[in-house]
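Heavy-atom basis, side chains included; hydrogens, waters and symmetry copies ignored. Quick note on labels: first sequence line is chain A, next is B, and so on, each numbered from 1. Quantities reported herein were computed from a predicted structural model and do not represent experimental measurements.
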There are 2 protein chains.
Amino acid sequence: MNDLVILAPIGSVIALLFAVYLTFKVLKMPEGNEKVVKISRAIRKGANAYLGRQYKVVAIFFAIMFVILCIMASQKFITPFVPFAFLTGGFFSGLSGFIGMKVATASNSRTATAAQKSLNSGLRVAFSAGSVMGFTVVGLGLLDLSFWYFFLKYWYTHVDILETAAEQIQAITSAMLTFGMGASSMALFARVGGGIFTKAADVGADLVGKVEAGIPEDDPRNPAVIADNVGDNVGDVAGMGADLYESYVGSIVSTSALAVAAGYEFKGVSIPLIMAAIGIIASILGTFFVKTKEHASQKYLLFALRRGTFLSAALIAIIAYPLVTMVLGEVGLYYSIVTGLVAGVLIGVFTEYYTADTYRPTQKLAESSLTGSATIIISGFSLGMLSTMFPVLIIAVAILASYAFAGGFVDSAMAFNHGLYGIGLSAVGMLSTLGITLATDAYGPVADNAGGIAQMAEMGEEVRKRTDALDSLGNTTAATGKGFAIGSAALTALALITSYIEQVKIINPNYNYDLTLTNPIVLIGLFIGAMLTFLFASLTMSAVGRAAQSIVVEVRRQFKEITGLMDGEADPDYATCVYLCTKAAQKEMITPAIVAIVAPILTGVVLGVAGVTGMLAGATITGFILAIMMANSGGAWDNAKKYIENDNYGGKGSDPHKAAVVGDTVGDPFKDTAGPSINILIKLLSMVSIVFAGFIMAVSLF
Amino acid sequence: MNDLVILAPIGSVIALLFAVYLTFKVLKMPEGNEKVVKISRAIRKGANAYLGRQYKVVAIFFAIMFVILCIMASQKFITPFVPFAFLTGGFFSGLSGFIGMKVATASNSRTATAAQKSLNSGLRVAFSAGSVMGFTVVGLGLLDLSFWYFFLKYWYTHVDILETAAEQIQAITSAMLTFGMGASSMALFARVGGGIFTKAADVGADLVGKVEAGIPEDDPRNPAVIADNVGDNVGDVAGMGADLYESYVGSIVSTSALAVAAGYEFKGVSIPLIMAAIGIIASILGTFFVKTKEHASQKYLLFALRRGTFLSAALIAIIAYPLVTMVLGEVGLYYSIVTGLVAGVLIGVFTEYYTADTYRPTQKLAESSLTGSATIIISGFSLGMLSTMFPVLIIAVAILASYAFAGGFVDSAMAFNHGLYGIGLSAVGMLSTLGITLATDAYGPVADNAGGIAQMAEMGEEVRKRTDALDSLGNTTAATGKGFAIGSAALTALALITSYIEQVKIINPNYNYDLTLTNPIVLIGLFIGAMLTFLFASLTMSAVGRAAQSIVVEVRRQFKEITGLMDGEADPDYATCVYLCTKAAQKEMITPAIVAIVAPILTGVVLGVAGVTGMLAGATITGFILAIMMANSGGAWDNAKKYIENDNYGGKGSDPHKAAVVGDTVGDPFKDTAGPSINILIKLLSMVSIVFAGFIMAVSLF
C-alpha cells in the first residue's frame, strides 16, 4: 500500500490550484473608490519594500550558511544534499510568506469594499485571502517534501544504491530533516523581523497618535498609520505563514525520521505524507462552510469561522481511519493521530476561553482597569500565567495517549520507538488541519487592514461597523491561531528532539552519552535551554522598544514640522515611517537570529550531546509555557480594551479605558513579537542541533 | 576526625548567644519620643496580631499533616520519627521568623531615633536587628539539625541497633530529610501569607493614598500606612527568615543524605554540619566590619554592608581548607564548597548590576518612563528576562565545577555519586555565609520601617534624609538577598532531587523507573513542573490583587467617612486595614499551599517516580529563572522610581514619575510575593516527594 504516498504530490498540487483559484476570485472583486485604491497601494508599496529588504538580508545569511554547510559536507559531517535542501527549505518558506502577503495586501481594499455590500461579502473576501495563505503554505510545503522524498528515494535506490530499506529511509529522512533547517531559519527572520516591524509601528502610532495627539486609531493624519497597516501584513501574514510552514514540514520530516527506529520502514514514512494530503482535501471542503448572515453576533461570527475547522477536523478523522489502518494494518497509530487532532482543537477552545471578551477571564481583566493601569497589568499577567495550565495538561495527555496508542507501553523491545513515532504522528495529526486553521488565522490581518482602510477612506458608519465586527473576530482567531502554532511547535519540537537522538545514533552508534535527568550535564542543558527562551523574549521585546522609540521621534517631528497636518490640509510622510520600521526590523533581527543559531552549537561544543538534548528539552518546555503566557496575556489585554470600548466600565476615553490601552500596549510585543518568536526558536534550536550533530560530536568536550 | 562534628552544636549555641547579645544591645538603645513610641507600638501590635492568626491557621495544617504522617508511619511508608521531625522543623522555622520579627519591630523606632545622632548609628542599629534575625535562623537551624543528628545516631547505634555505618547514616539522614518538610511547609505559609499581606497593604496604600488622594508615602493620614509597615515585617523579615531557614537545613540534610551513596559515611555527613559551624563564626566576625562614615554616598554605604559579607566569605574559604582536607583527606571537595561560595557572591554582584540605580540597566529603565507607563513596563520585563542569563550561567558553571572537583568525571564506579555529593556541598558552601547575608537582607525592612516612622513622627528633614539613604540601600540588599535565596534554593533543590532518587533506591532497590530525558513520562513531568511555577506565581499574584482590592475599598471608605482625616484633625482607623490584610492573607494562602502539597503527590500517583523526578527538575529550572526575572524586574522598577525621585527625568510628580510608580506597583507582587514564593515551592515539592516516596511507589500507575 506504499503507492498511496502518491497522494502527497497530488494533494500539494490540489492545494496550490485551489490557492490560484481563490486568488483569481479575490482579484476579480472590485477594489473600490479612488481613495481606497490610493491607501491600499501605499500599504502594498510599504509591504513590498519591507519584504524586498528583508529578503536581501536573509539572502546574505543563507549564502553564509550555504558556504558553511558546503564546508561541513566536504568534511563528511553531512551529506552533499544538505546545503541544497537547506536552500529549498528557505526558499519555499519565504515564497509562502511572499505569496500570502501579496494576496493579503490585494484583498484588504476588496474586503472593505465588499463590506459595503454585506457582512457576509466582507467575510468571504477576507477569508478567501486568508485561505490563499493557508493553502499556499501547505501546498508548497508538501510539494517540497514530495520532491525531496521522490528524488532521494530514486537516488538511493538507483544511483547511489543503498542495500536495505532501513538504510535508504535513514539517508532520505536525514537529508529531509536538514531541509527543515532552511525553513526554520527563514521563519525566524520572517517572525522576528515582521514582529518587530509590526509592533514598532503599532506602539509608535498609538503612543503619539492616540495618547499624545488624541486622534483615533487608523486616523489618516497619523504618519505611522500606513506603517501600522503594513505591519499587519509583514508580521501577522508573512511571519505567521513562514512559522507554520516550518512546523508543518518539521512535524512531517521528524516523524518520518522516527519511522526507521520504529521499524515501520517506508510505510511509516508515507503515513505523515498521506495525512498531509488528507488534511488538504478536508480543509478545502471545510472552507465552503464558512459564511455568515447579516447582523450576526460575535459569537455567531466566530462559530461561522470555527465551523469550517471543526468540519475539516472531523473529515480528517473519518478519512484517515481506512487509509492509516490499510497502510499499517493496525489501528493504534490512527488513534495517535486523532489525539493530536483533538488536542489542537482543545487548545484552541481554552485559548478562546481565556482571551475572548465573551468569557469571564477577559471581562474580569477589563474590570481590573477600574483601579488603574498597574492592576490591569498585574491581572493580565496573572491571567496569562494561569492560562498555561490547560494547554500543558492537554499536551501532557496528548503525549501520553499518543505514546500509549502507538504501543509505547507494550512489553516489547521496540515499544519505546513505537511510542515516540506515535508522538510524532500526533503532531502530524494536529497540523493536518493547517490549511483551514491558517486560513482562519490569516483572515485576521486582512480584516484588520480592511477596517483601517474603511476608517482612512471615510467609508461611513455602517461599513466601519461591519469591518469592526470582522476585525474583532480576527483578534480571537489570532489568539487561537497562536495557541495552535505553539501547541504544534511543542509536539514538533519533541519529535525533533528524538530525531536528533536518532541522528546521533546513526552518525556514531558507539558515541557515549548519558541522558539521565540526574546527569549534571543534562541539568545544565535544561537550565540553558529554559534561559534561552527568556533571553530571546527579552531581546525581541527590547528590539520593539528601541524601534518604537525611533517611530515616536519621527511621528512627533512630523506633527510639529508639517503645517496643516492636524487639520487634514497636508498629508503626512508615510513612507519615512515605513522606512524607519523596515530599517529597525532588519537591524534588530540579527542578534536574536545569531543567538538561536550559535547557542546550540556552542552548547554542543562545550557540553556534547547530553547537554544539547537537555537544552532542547528545556527550551521546548519553558518556551511552550512562556509563549502561551505571552500570547494569552496579550490577547486578553487587547480584548479587554475592546470590551471597554463597547461601553463597559466607562467606555472609550474613560480612565479605565486609558488603563486598558496601557495593558494593550504592553501586550503588543508579548503576543505579536516575543511570544510567536519563541515557537520558531524552539524548532530552530532542534534543527540546528540536528544539522550540526556530526560536527558537535567530533569536537565536543564532553 | 569525626569528632569535629561537635563544632555544629557549639556553633549553633554561639550563634544564638550572639543573637541574644545583639538583642539586648538593641533594646538598650532609646526608643524615641512619645510619637515614635506610639507609631512603633501600632506596628508591633499589627505584626503580632498577624503572626498570632497565621500560627493558628498553620497549627491546623500541621495537625492535619501530623495525623497523615502518623498514618503513613503506621503503614511503614516512613519511620516513626518522621511526624515528630516534621513538627520540630515547622516549629523552629516558625520560631526563627517570630524572633526575627519581634526584634525587627522593636528596632525600627530605635533605628529612626539613632539616625537623629548619625548615619552610622542608624546603620548599626538596623544592621544589629537584621543580625539577630540572621543568627537566630542559622543558630536554630543548626541546633535542630544537631539534635536530630546526635539523637538518631545514638538511637541507631544503641537502641534500635543497625549493623553497618551505611545503614545507620541512611536511617539518620532519611529522618532528617523529612524534618526539612516541616521547615518548608512553615516557610511556605510565612512567605506566601506574608507576601500577600505586605503587598496588599503596599499596593492598597499607594493606589488610594499616593495616586488618588495625592498624599506622600508613609503619610500618617493614610489608613493603610501602619498595615504597610507591618507588612515589611511579616513579609520581608519573618517570610524571608523562614525561607532561608529552610534552604539552610535543606542543603545540609540533602548533602548529608548524598554522603551515603558517595561512600563517605560519617565523614561525609559531618562536613556540611562543620561547614555550617565555620560559617557562623566567620559571619559573626564579619558583622564587626559593617560601619559607615557620615555623608557616605550610596556606593560607599553599599560597600560598607558588603564588606562584612565578603570578609566572611573569605574567612570561610580560609578556615574550611584545613578542616575539610583533614576530615576527608582530599582537597577536591573543598573546591566544590568554594565554588558555591563564589557563585553566591557572583549572583549577588549581577543582581546588583541589574537592579541598582547606580548602573546602566536601571537608569535606562528610568529613561523609558519618558514615553509612558507602557514602555517602562515592557522595558522592565525585558530587563528582568535578560538578567536571568548570568545567574543561569553562574549556576551552570557551579554545578559543573563542583561536580568535577568532587570527582564526578573520574573514571570510577562511584564517580557519579561523588559528583552529586559535590553539588550538594556547593549549596552548603553558598549558604555558609547565611548568618551575615541574612543580616544584610533583614536590615532592609528595619530601615524601611525606620523611614516610615521618621516620616509619620515628623522627625525632620535631616533624619528623614538619613533613613532614606538607609532605606534605599535596603532595596538593593533586598534584591541581592533574593538572588542569593533563589540561587541557593536552586542548588538545594538539585541536591534534594538526587536525595529523592536515593530515597527511592533505599525504599525499593528493584523499583523500575527510567529517568531518560526522552522518556515521555519524564517529559510530561518536566512540563507539569514548569507549569506549576507559572500557576503558583499566578495564584499568589491574583491573591495580592484581590487582597489589595479590599484595602482600596476600605481606605476610600475611611477618607470619605472620617471627617477631618485629610486635615490631620482625626486619626484614621489603622487597625481595620491591618485586620483586613491579615484576614485576606490567611484566606489566600490556602490555595497555593494546597497546590504545592497536592501536586507532587498527584503527579506521583499518576506518573510514578519518573514523572515526579521530571516535575521536580522542571519546577526547579523554570522556577529558578522565573523567580530571578520577577525579583529583578521588580527591584529595577522600584529603583528606577527612586532614581526619578532623585531629580532625574522630571523628578517627583512629573509624568515620568507617574509612569515609574505604575512600574513599581506592578513590580511589588513580582518581587515580594510571587518571585520569593517560588523559592519555597521548588523546595517544598522536593520535600513532599521525598516524604511521600514510599506511598507513591506503592500506589502509582506507572
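The parts of A:T371 that come within reach of chain B are both its backbone and its side chain, each placing non-hydrogen atoms under 4.5 angstrom from that chain. Looking at B:I501, the atoms closer than 4.5 Å to chain A (heavy atoms on both sides) all sit in the side chain, from C-beta outward. Looking at B:L532, neither its backbone nor its side chain comes within 4.5 Å of chain A, counting heavy atoms on both sides. Residue A:R546: no heavy atom, backbone or side chain, is found under 4.5 Å from chain B. For A:L607, the part lying under 4.5 angstrom from a heavy atom of chain B is the side chain only. The part of B:F416 that comes within reach of chain A is its side chain, from C-beta onward, which places non-hydrogen atoms under 4.5 angstrom from that chain. Only the side chain of B:A617 comes within contact range of chain A, with at least one heavy atom under 4.5 Å from a heavy atom of that chain. Looking at B:V666, both its backbone and its side chain come within 4.5 Å of chain A, counting heavy atoms on both sides. At a 4.5 Å heavy-atom cutoff, the contact between A:F624 and chain B is made by side-chain atoms alone.
In this structure, A:I378 CD1 and B:S542 OG are separated by 10.5 Å, a value rounded to the nearest 0.5 Å. Taking CD of B:Q549 as the reference point, atom CD of A:E367 lies at 7.5 Å (rounded to 0.5 Å). The CE atom of A:M389 sits 11.0 Å away from the CD1 atom of B:I528 when rounded to the nearest 0.5 Å. If you take CG on A:N519 and CG on B:L517, they are separated by 10.0 Å, rounding to the nearest 0.5 Å.
Using the six-membered ring where Trp is involved, B:F381 and A:F381 have ring planes that are parallel, under 30° apart on the 30 and 60° scheme.
Counting all heavy atoms, side chain and backbone alike, A:S373 lies closest to B:V662 at OG-CG2, 3.6 Å. When all heavy atoms of B:I524 and A:A396 are compared, the closest pair comes out as CD1-O, 3.3 Å. What you find for A:I625 and B:F527 is that their closest heavy atoms are CD1-O, 3.8 Å. Closest heavy-atom contact between A:T388 and B:F534: OG1-CB, 3.9 Å.
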B:L523/A:T620 under side-chain contact (heavy atoms from CB on, under 4.5 Å): CA gap, chis, key distance, verdict:
CA-CA 10 Å; B:L523 286 171; A:T620 302; over 6 Å; no
May I have the step-by-step check of side-chain contact (heavy atoms from CB on, under 4.5 Å) for A:T516 and B:T516, ending in yes or no?
CA-CA 4 Å; A:T516 314; B:T516 315; 5.5 Å; no
Evaluate the criterion side-chain contact (heavy atoms from CB on, under 4.5 Å) for residue pair B:L535 and A:L386; output intermediate values, then yes/no.
CA-CA 5 Å; B:L535 176 65; A:L386 187 66; 3.4 Å; yes
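When each of A:L626, A:I621, A:D514 is scored by its heavy-atom pairs under 4.5 Å with chain B, the top score falls to A:I621. Most heavy-atom pairs under 4.5 Å with chain B, from the set A:F536, A:F670, A:Y403: that is A:Y403. Note on B:I628, B:D664, B:L400, B:V522: by heavy-atom pairs under 4.5 Å with chain A, the leading option is B:L400. Annotation: maximal heavy-atom pairing with chain B below 4.5 Å, among A:V392, A:T665, A:V661, occurs at A:V392.
Looking only at atom types and distance, the side chain of A:T518 has no donor-acceptor partner in the side chain of B:T498 under 3.5 Å away.
Between the side chain of A:S538 and the backbone N or O of B:M385, no donor-acceptor pair lies under 3.5 Å.
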